[in-house]
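Below is one structure; the comments refer to it alone.
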Amino acid sequence: MSTTPAASGAPAAPRIPEAVHRRRWAILAVLMLSLLIVVLDNSILNVAVKTIASPAPTGLGATQSQLEWAINAYTLVFAGLLFTSGLLGDRLGRKKILLFGITVFGLGSVLAAFSDSSGQLIAFRALMGLGGAFVMPATLAVLMNVFEREEQPKAIGIWAGGVGLAIAIGPITGGVLLQHFWWGSVFLVNVPVVLIALIAMVVLVPDSRDPRPGRLDPVGVLLSVVGLVLLVYGIIHGGQLADFTDTTVLATILAGVAVLVGFVVYEKRSDHPALDMAYFKKPAFSAAVVAIALTFFALMGVTFFSVFYMQSVRGYSALQSGLLILPLAVAQMVFAPRARLVVDRFGARAVCTAGLVLVAVGLAAFALFDTNTPIWLMEVVFFLQGTGMAHIMPPVTVSIMQSLPREKAGSGSAVNNTFRQVGGALGVAVLGSVLSTVYRGDIEGHLGVVPEGARKAAGESIEATLGIAEKLGPAGRSLIDPAKDAFIHAMHVTALSSSGVALLGAVVVLLFLPGKPPVQDAPTAEERPAEAARR
C-alpha cells in the first residue's frame, strides 16, 4: 500500500495511494454497511425468539434450549474463528476475506430464513457466525489501511458509532418485520443489504495485505481455535445451567484456558508466531484489550436483563422495547465520532476512565428501578450508558490498532474483537447465572400452586413463571406479582455486579492506559501546502 519515496527535498509522499485517499469516506460507508448487518442480526434475533418458540406455522416450536443454541451457535463459531480470520486477512488480502465473509453471511441468512426445524436454524446460524467472523476484523483492518494515522481516530469513532446505529435499528426492524411478516423475515432482510455491500466492495474497497507475512503457523492457529471454542462453549454451558461449579462446565473452561496458555507459551517460543506476544508488553495494547473485555462483560449482562425488565415486568412489546433503547444508540452515534476531540484535550486515560465510571453509574441505577419507575428516568440512564460507551470504544480501539504496524491490522482487529466477544459471552453467562440464581431463590417459596412436576421449570426465569401462571388460569394469578418482585430483586443484584465489573475496568484503564501524548510541533511553512492538498 505504500508509495515510492519522494525525491530528495520534495514533500514526503503519502503512505496511502491518492486514488484510495480520495474515496476513503465512501470506503468507510461500505465498511459500516458490512458491520451493520453483522451487529444488527443478533439484536434482531433477540426480538424474534418468542415468535420462533411458537408452534408451527407461526414459529418452529423451538424449546428454550434450542433457542439458546440458535444464538450460541453463532457466538461459538464467531468467537472461535475471529483470530484466525484476522490472520488470513493479513496474509491473503483483507478485501478477499471481507468478500468471502459477507457472501457466506448472506447465504447463511437465506438458509436460516427458510429453516424447517430448530436443528436447521441452529446449523445455519453457525454458518452465519462463520461469515460474521470474517467480516468483523476485516472492516477495521481495511479502515486502518485507507486512512492516514492522523485521521484514524475520527474514522474509528464513526465506525464505532455505526455499532450504536445497529443497536437501535435491530430491535425496531425486528419488531416491524414480525408485525407484518413471518419469523424468517428477520434473516431475509439481510440479503438486499449483503448484495449492495458486495457490489460496493468490488467497486470501491482496495485490497491490502502484509507484504512480509512470514511462514505459516498452523500449530498456533489450531491452538487458538480449539482454546477459544472450548472456553466460549464452557462459558455458554455454564450460563445455561446457571451453575459454573458443574463438572462438565469446569472441565471445559479449564481445558480451554489450558489450551490458550499453551498457545501463549508456543507463540513466545516460536520464531514465526501467529501473534507476537511482545504486543502485550505495550500498556496501550494490553490495557485497552482488558478494558474492552470488561466493558462488554458489564454491558452485555445489563442488555440481557433490561429486555426482560421492559417486556416481562413493564409489559412493553418487542417494538416498544426497541424504541426505548434508542437513547443508548443515539448517544453512541452522536458522541463516538467526536470522542477523538475530547481525547486530544484530556488524553485517552482520562476519557476512558470517565466513560467507564459513567457506564458503572448507569448500570448501578438499575438497582433503583422497580415496577413503577418513570420511563423517562430509564431513558436518561440509557443515554448516560451510551455516552459512556461512546467515550470508551473509539479511544481503546485506536489505542489497540495504533500499537501495531499497519501491515498487522488484521491481527490487531482480531484481538480487539476476540476480547470483546469473549467478554460479552462471559457477561451474558455469568451475570445471567446471577440473575437466574437470585430469581429462583426468591420465587421458589411461591410455587406451591404449581404442579410438583413443573415447579423446577417454572422457577427458571420470569418468562417461565408467567407462562405457567397463564396456563393455570385464575389459580396462577397469585404468581404474577411475586414473579415480578423476584425479578426486580434479581435485577438489582445483577446490576450492582455489572457496575462493579465496569468500575474494575475503570481502575485498569486509570492504572495502565497511557495518558495524553506530548504535543507535537506545528507543521513548517513548507509542510502546510502539502497537508492542505491532502485534506
Side-chain angles (χ1 to χ4, degrees), residues 42-44 46-47 49-50 163-176 295-336 354-393 424 427-428 431-432 434-435 438-439 442 461-463 466 480-481 483-503:
N42 271 332
S43 56
I44 282 186
N46 289 333
V47 172
V49 289
K50 285 187 179 180
V163 176
L165 180 65
I167 291 171
I169 290 177
I172 296 169
T173 305
V176 171
T295 300
F296 273 82
F297 182 104
L299 199 73
M300 291 303 289
V302 75
T303 303
F304 179 75
F305 69 64
S306 64
V307 170
F308 291 103
Y309 171 71
M310 289 186 285
Q311 294 187 29
S312 301
V313 175
R314 302 301 296 266
Y316 294 107
S317 68
L319 178 57
Q320 289 170 328
S321 299
L323 291 170
L324 289 172
I325 298 175
L326 268 177
L328 186 147
V330 168
Q332 287 195 56
M333 287 187 289
V334 170
F335 293 115
L356 278 158
V357 169
L358 197 58
V359 168
V361 169
L363 292 169
F366 274 91
L368 304 175
F369 287 8
D370 56 28
T371 54
N372 300 308
T373 299
I375 207 66
W376 66 264
L377 190 59
M378 186 167 68
E379 299 298 271
V380 170
V381 168
F382 277 137
F383 187 82
L384 288 176
Q385 287 179 334
T387 303
M389 285 293 295
H391 289 89
I392 298 167
M393 293 312 301
V428 172
L431 296 173
V434 172
L435 186 77
V438 176
Y439 177 80
D442 283 3
S461 66
I462 185 172
E463 281 293 306
L466 294 178
I480 295 175
D481 287 339
K484 291 182 178 181
D485 291 340
F487 181 85
I488 292 292
H489 178 231
M491 183 180 78
H492 290 171
V493 174
T494 310
L496 292 174
S497 302
S498 304
S499 181
V501 172
L503 286 175

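D485 places none of its side-chain heavy atoms less than 4.5 Å from the side chain of H489. Looking only at side-chain heavy atoms (C-beta outward), V313 and M491 stay at 4.5 Å or farther from each other. Taking 4.5 Å as the limit, every side-chain heavy atom of S498 sits out of range of all side-chain heavy atoms of F366. Two residues are said to be in side-chain contact when any heavy atoms from C-beta on lie closer than 4.5 Å; D442 and F487 fail this criterion. Looking at M310 and M378, their side chains come closer than 4.5 Å, going by heavy atoms from C-beta outward.
Partners of Q320 by side chain to side chain donor-acceptor pair (under 3.5 Å), not counting sequence neighbours, listed by chain and number: S317. Take L377 and apply the side-chain contact (heavy atoms from CB on, under 4.5 Å) test, not counting sequence neighbours, and it matches F369, T373. Residues satisfying the side-chain contact (heavy atoms from CB on, under 4.5 Å) test with A367, not counting sequence neighbours, are H492, L496. By the side-chain contact (heavy atoms from CB on, under 4.5 Å) test, A483 pairs with Y439, I443, I462, T465, L466, sequence neighbours left out. Legend: residues meeting side-chain contact (heavy atoms from CB on, under 4.5 Å) with L384, ordered by chain and number and at least two apart, are L358, V380.
Interatomic distance, Q385 CD to L363 CG, rounded to the nearest 0.5 Å: 5.0 Å.
Scanning all heavy atoms of the two residues, the minimum distance from T371 to R314 falls at O-NE, 3.2 Å. Smallest separation of non-hydrogen atoms from S499 and A360: OG-O, 2.8 Å. Residues G362 and V381 come closest through the heavy atom pair O-CG1, 3.3 Å. A pairwise comparison of heavy atoms in F297 and L431 identifies O-CD1, 3.5 Å as the closest pair. Closest approach of A390 to A331, counting heavy atoms only: CB-O, 4.0 Å.
Between the side chain of Y309 and the backbone N or O of D370, at least one donor-acceptor pair lies under 3.5 Å.
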- Kindly determine whether I375 and L324 satisfy side-chain contact (heavy atoms from CB on, under 4.5 Å), including the steps that lead there. CA-CA 9 Å; I375 207 66; L324 289 172; 3.8 Å; yes
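Ring planes of F335 and F383: perpendicular class, angle over 60° (limits at 30 and 60°).
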